[in-house]
Amino acid sequence: MSQALPQSTPAVDPVDPVGPDASDRPARAAWLRAIVTRHGHAYYVLDRPTIPDAEYDKLYRELEQIEAADPALVTDDSPTRRVGAAPLGQFAPVRHGVPMLSLANGFSEADILAFDRRVAEGLQTSAVDYAAELKFDGLAINLRYEDGMLVEAATRGDGATGENVTANIRTVQAIPLRLHTAHPPKVIDIRGEVLMFKADFARMNARQREAGAKEFANPRNAAAGSLRQLDSRITAQRTLCFFAYGIGTLEGAAMPASHAALLDWYRELGVAVCAERAVVTGTTGLLGFFEDIGKRRASLPYEIDGVVYKVNQVAQQERLGFVSRAPRFAIAHKFPAEEATTVVQEINVQVGRTGAITPVARLAPVTVGGVSVTNATLHNEDEVRRKDIRIGDTVIVRRAGDVIPEVVAFVPEMRAPSAREFIMPVSCPVCGSPIERAEDEAVARCSGGWIKCPAQRKGGLLHFVSRRAMDIEGLGDQLVDQLVERNVISNAADLYRLGFVALAELDRMAEKSATNVLNAIEKSKSTTLARFIYALGIRHVGEATAKALARHFGSLDALLDAGEAQLLLVADVGPVVARAILQFLENPLNRELIAQLRALGLTWTETQPDKIGMPLQGMTFVLTGTLPTLPRDAAAALIEAAGGKVAGSVSKKTSYVVAGSDAGSKLVKAQDLGIPIIDEQQLQRLLEESKPT
Ligand code: IVH
């Protein structure tokens, strides 16, 4: 990438992440201008971000503050003097009729209270109605329709001039080529965000990996990279999506009275609008919306980095007007950043319950998603090589929701010459047994097994007692550690032989807690077959597979006697899983463990083997919109009880899409893929057939 930086940008030491001290204001401002320009160029123009957005925002804000305090330091080329970035050059420039602005950001409750106060004061009212919606993490786009036909699509660019990406936009299925109305406005600029769904992103990266091509760091970059293709045939192979949220020029039609009405109108015109929106009143309403979306963020099919609040009444919006680069009537309420940069101080390996060796980066502490992070997984040896992560590197760390933090990439500009490569150890750091790696596997494993390796024993026991397995409360990390280290127990059966004295002798174990643990162990004896199978920790047998096995075989003996052919009849079980189960059961030690556990009093209710395959077996359903009588959870439970699966997004593998009112993009996708669409009544009919006669 050899695009020259603007002439006026002074040279910056590429590995100087700190810059001059803030006491030297002019020098600090010059450094900030240069570093912000450099990162901005990488992000906006090259689609190759060099730091996380939050870090960029921080530098940007510092520059804004210095300039506000000392206006003499503002230069013409300061990145604060433009909205976005210069167009790439290869696409024809498009001048926006109405500039595409940006949004002010709020990061705390206090910011939002202050925003509402400003708005209420400006309007001289007490309770303001706001349209609350999502802040999509994609690319802003302007769609110009003339007499109902899509004539031009342009990126935001620097806000005044964008790039003409009409050919690429025409390939986005969610964007209509003609508005669905007999009386279209003469001219309308519909604005919104082009984005890529998480599932499409994962699929696309898998394809890129197979082809040995560059992978994208996140869905936003993937969407940007896809839209900025000069060859629209490539864009057409990428699944992009669009949600409308704004308007530019409008001629030959009346502007709706509110933002909510504008979005409703878009919907009627056949333009995609996100269903996750609400009209709320005052700060209570705003913060309630923020909290609700925050809880559901991880399960949304696309990435968002916050929510957006807009004064709902257009007349009120007009009264409030604009400040330099953003409207006064709107604000983005951002979530804590899910990405941050820090330094890899060391790379060690961890030994899992199956002996899997996982390289783990030990990090200089950094706050990500509101939590201090010191370790991040690197998954496996190949991943370390592919991402070329070295000890001493400055890296981007990501922590999304409750997922284990991971190292996304290193920052090439900040690599020190002294950075060292990670070397996979040849023996297990815990038990010293050789580390082996099967030819067809990505994962290296300690060959010590349960008998020799305490780490595997600990991992296995922790899995056995975990909530979704035997659910033994009070037996945490530290307790299991001590029990294994002191050789009090060596396997799961020993747990049920534990006496009060042995437990009470452990560090930090009061009489009361020893009794509680013993009670919890006793209570766990009465369990379900599915939990028991899952607790065994057979490789590839997760909770869902354990449930399927329990349902299919009904009794443990039937499972113990099953051969490969019988295992393959179980929904969810393919050749790899079947082989793993057989391997586990062929090991006499495992058979012995199971026998001991039964002898120690573990019980469950056994059922008749599931002979008549359930009618929805093997079918995958996607639910969209609001069904007339069934809440979504109830519909999903009924489908699963009849052997079907419920997926979050539509793909070629979907058997049926169940659509209710206000169905969104899933419905559009189902139509595109030719997937049968049914309503609640038809679903009920399918379910009827599943009831035993
Ligand atoms: S409204 C006049 N609404 O955020 C306000 N923007 O910082 C114009 N964005 O460039 C933007 N979701 O790329 C608006 N629901 C939403 C949005 C949204 C994401 C992006 C958009 C824009 C940037 C503004």
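Read the numbers this way: they start at 1 and go in the same order the structure lists the ligands and their atoms. Worth saying up front: this structure is predicted, and the values here are computed from it rather than measured. Along the sequence shown, the residues carry numbers beginning at 1.
Judged by distance alone, with hydrogens and angles left aside, the side-chain atoms of K198 form a donor-acceptor pair with the main-chain N or O of L300 at under 3.5 Å.
Ring centroid separation for the pair Y302 and F243 comes in under the 6.0 Å cut-off.
Remark: E215 pairs with N205, Q208, R209, R386 by the side chain to side chain contact (heavy atoms under 4.5 Å, CB included) rule, at least two apart or across chains. Listed by chain and residue number, M204 satisfy the side chain to side chain contact (heavy atoms under 4.5 Å, CB included) test with R207 (two or more places apart in sequence, or in another chain). By the side chain to side chain donor-acceptor pair (under 3.5 Å) test, D662 is found to be paired with no residue, residues two or more places apart in sequence or in another chain being considered.
Near ligand 1, L101, S102, L103, E133, L134, K135, F136, A140, R156, E193, Y245, V308, K310, P327 each place a heavy atom less than 4.0 angstrom from the ligand.
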Could you check H39 against Y56 for ring-ring contact (aromatic ring centres under 6.0 Å, His included), going step by step and ending with a plain yes or no?
-> CA-CA 7 Å; H39 288 310; Y56 177 89; 7.2 Å; no
